[in-house]
Amino acid sequence: MSSLLTSPMVDLDSGAVIAHPAVVDSTGTLRAAPLPMVMELPIGVVLSGAGALAPLHEALRRAGRHPREAILLLTGPCQEQHRRLLRVSLDGLRTIGYLLGFGGVGSDGMSLDLVSDAAPYLVALDPELVARIPGDHRAIAVARAVVTLARGVGAHVLAPGVEREAQVAVARGLGVRLAHGPLLAPGPDGKVRVPLPVTDESPAGIMLGPRVQELLIPAVTLPAEAKAEEAVAAFGQEPTITSVILVDEFQRPMGSLDRSRFLLSFAARYGHALHGSKPAQRLADRPRTVPRTTPAIAAMQAAGRDSARVYDDLVVTDELNRCLGIVRVSDLIRQVTSARS
């Protein structure tokens with residue numbers, strides 16, 4: 001078990017660190033990190049069966065971590081006759097909770113049709129491909145093809161081994177959100193510094209409005225298993241609270257309580273008796289989430305897809321679907337109107 005990552009995995013849009021490379025100390029013990037870990041794993045190990053994966057499961061257990069907190073970056077080729085076995089093995093790892101990724105995509109090691117068939121969570125470009133960017137238009141063309149494929153199967157794309165700002169600029173232009181490498185290694189103060197993107201000042205860019213992360217306000221959150229009376233107490237603390245977001249242990253949104261609809265449930269006769277001691281999730285709506293980089297106009301379009309919930313708060317999420325806060329539709333309307341006036 002090893003890792004090609006030598007620096008944290010960084011969100012290029014926000015500069016936030018979202019995962020760390022797995023670290024094994026001199027005693028062979030996996031050291032836990034506060035964020036999800038990324039571990040490189042040869043495909044041959046996965047194909048060898050459950051016994052070959054037992055040391056991985058045991059290392060995580062001893063580190064006090066759950067499989068859902070680990071991203072397995074699978075590397076190496078897979079022969080045609082082994083593809084069915086690989087699919088079964090990947091389904092087993094997903095069932096346990098692991099997030100799965102493929103490394104070295106865009107080289108002769110990992111075929112694009114295998115990536116498409118497996119539908120991974122993460123796709124890492126081949127490091128040599130990234131090294132040739134931005135001077136080689138052929139490398140850029142291959143990277144663009146990988147990004148297009150990843151977008152089609154719902155996978156995130158990682159640019160590994162980034163060393164120069166020009167590589168970051170090209171990666172951003174292609175739609176790559178995640179990267180790691182010497183350029184993004186933490187400084188002496190432990191902070192990661194990401195080169196700022198070039199501001200889009202074109203008329204089309206201005207018309208889209210700011211990204212929702214610029215309009216973010218803190219969300220009032222409760223555990224997903226909270227009782228309805230706890231949500232009532234949260235709303236009672238401040239009249240300006242428009243929603244309460246129910247989150248799981250990893251801060252991923254599981255439900256949304258709109259103030260008006262939720263409190264209306266308690267206004268009826270026996271409302272508190274009927275709902276107070278029951279889980280708030282029973283009265284929650286599905287959270288309407290938008291990634292933090294979503295332009296205001298696109299967020300407004302997302303809000304308008306459900307006519308019954310047009311003015312419900314949108315939950316803003318990061319790359320791991322964790323709740324960062326909320327954005328109010330009224331703020332989106334003001335921003336877009338201002339940009340067009």
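Side chains included, hydrogens not; waters and symmetry mates left out as well; all remaining heavy atoms used.
For Arg292 (side chain) and Leu324 (main-chain N/O), no donor-acceptor pair under 3.5 Å exists by modelled atom type. The main-chain N or O of Arg309 is found under 3.5 Å from a side-chain atom of Arg288 such that the two form a donor-acceptor pair. Side chain of Arg259 to main chain of Ile241: a donor-acceptor pair is present (N/O by atom type, distance under 3.5 Å, no hydrogens or angles). The backbone N or O of Val157 sits nowhere less than 3.5 Å from a side-chain atom of Arg151 that would complete a donor-acceptor pair. Under the 3.5 Å distance criterion, the side-chain polar atoms of Glu40 are left unmatched by any main-chain donor or acceptor of Thr75. Although no hydrogens or angles enter the test, the distance criterion places no donor-acceptor pair under 3.5 Å between the side chain of Arg65 and the main chain of Ala70.
Across all non-hydrogen atoms, the minimal contact from Pro120 to Ala155 is O-CB, 3.1 Å. Considering every non-hydrogen atom in both Ser256 and Pro287, the closest pair reads CB-CA, 4.0 Å. Contact detail for Leu12 and Ala171: the closest heavy-atom pair is CD1-CB, 4.4 Å. The two residues Cys78 and Leu114 have their closest heavy-atom pair at CB-CD2, 3.8 Å. Across every non-hydrogen atom of Ile43 and Pro77, the tightest pair is CG2-O, 4.0 Å. The minimum heavy-atom distance between Pro134 and Ile140, with the atom names listed, is O-CD1, 3.6 Å.
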For residues 45-53, please give each side-chain donor-acceptor pair under 3.5 Å, one per line with the distance, not counting sequence neighbours.
from  : atom 1 : to    : atom 2 : distance (Å)
Ser48 : OG     : Gly44 : O      : 2.7

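One finds the OG1 atom of Thr317 at 12.5 Å from the CD atom of Gln251 (value rounded to the nearest 0.5 Å). Here the CD1-NE2 distance, from Ile71 to His156, works out to 8.5 Å after rounding to the nearest 0.5 Å. One distance of note links OG1 of Thr221 with CG of Leu257; it measures 11.5 Å at 0.5 Å rounding. Between the CG atom of Leu30 and the CD atom of Glu58 there is a distance of 11.0 Å, given to the nearest 0.5 Å. The CE atom of Met39 lies 11.0 Å from the CG atom of Leu74; values are rounded to the nearest 0.5 Å. The structure places CD1 of Ile333 at 10.0 Å from CD1 of Ile297, a figure rounded to the nearest 0.5 Å.
Between Arg68 and Glu249 there is a side-chain heavy-atom pair separated by less than 4.5 Å. Put simply, the side chain of Pro21 does not reach to within 4.5 Å of the side chain of Val38, judged on heavy atoms. Side-chain contact check for His57 versus Ile96: some heavy-atom pair is nearer than 4.5 Å. Contact of the Ile18 side chain with the Arg322 side chain is registered, since non-hydrogen atoms from C-beta on lie closer than 4.5 Å. Taking 4.5 Å as the limit, every side-chain heavy atom of Met9 sits out of range of all side-chain heavy atoms of Pro36. Taking the side chain as every heavy atom from C-beta outward, Pro160 and Leu125 approach each other to under 4.5 Å. In this structure, the side chains of Leu184 and Pro8 stay at 4.5 Å or more apart for every pair of heavy atoms. No side-chain heavy atom of Phe262 sits less than 4.5 Å from a side-chain heavy atom of Val244.
For Arg138, the CZ atom sits in a loose shell: 12 or fewer heavy atoms of surrounding residues, nucleotides or ligands are nearer than 6.0 Å. Environment of CD in Glu214: crowded, with over 12 heavy atoms of neighbouring residues, nucleotides or ligands closer than 6.0 Å. Within a 6.0 Å sphere centred on CZ of Arg62, heavy atoms belonging to other residues, nucleotides or ligands number 12 at most. Around OH of Tyr311, the count of heavy atoms belonging to other residues, nucleotides or ligands within 6.0 Å does not exceed 12.
By the criterion of side-chain heavy atoms lying less than 4.5 angstrom apart, applied directly or through intervening Ile, Leu, Val, Met, Phe, Trp or Tyr residues, Val123 is grouped together with Val153 in one hydrophobic cluster. Neither Leu283 nor Val247 shares a network with the other; the hydrophobic side chains, linked directly or stepwise wherever heavy atoms of I, L, V, M, F, W or Y lie under 4.5 Å apart, form separate groups for each. Two different hydrophobic clusters hold Phe235 and Met254 under the rule that ILVMFWY side chains link at heavy-atom gaps under 4.5 Å.
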Note to self: Under the criterion side-chain contact (heavy atoms from CB on, under 4.5 Å), I'd like the reasoning laid out for Ser243 against Asp312: C-alpha separation, chi angles, the key distance, then a yes or no.
What the structure shows: CA-CA 8 Å; Ser243 63; Asp312 281 18; over 6 Å; no
Next item on the list: Would you sort out whether Tyr121 and Arg94 count as a side-chain contact (heavy atoms from CB on, under 4.5 Å), showing the intermediate values?
Entry: CA-CA 10 Å; Tyr121 172 81; Arg94 284 195 183 98; over 6 Å; no
Next item on the list: Begin with the C-alpha distance, continue with both residues' side-chain angles, and end with the deciding distance and a verdict on side-chain contact (heavy atoms from CB on, under 4.5 Å) for Val316 and Ile326.
Entry: CA-CA 5 Å; Val316 181; Ile326 62 170; 5.9 Å; no
Note to self: As a quick check of understanding, evaluate salt bridge (Lys or Arg N to Asp or Glu O under 4.0 Å) for Arg83 and Asp113, giving each step before the final call.
What the structure shows: CA-CA 11 Å; Arg83 287 198 177 191; Asp113 63 325; 2.9 Å; yes
Next item on the list: Show your reasoning for whether side-chain contact (heavy atoms from CB on, under 4.5 Å) applies to Val212 and Leu332.
Entry: CA-CA 8 Å; Val212 292; Leu332 295 174; 4.2 Å; yes
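Considering Leu99, Leu100, Leu122, Leu41 as possible partners of Leu73, the one that fulfils the side chain to side chain contact (heavy atoms under 4.5 Å, CB included) test is Leu122. Exactly one of Asp313, Leu222, Val315 qualifies for a side chain to side chain contact (heavy atoms under 4.5 Å, CB included) with Ile245. That residue is Val315.
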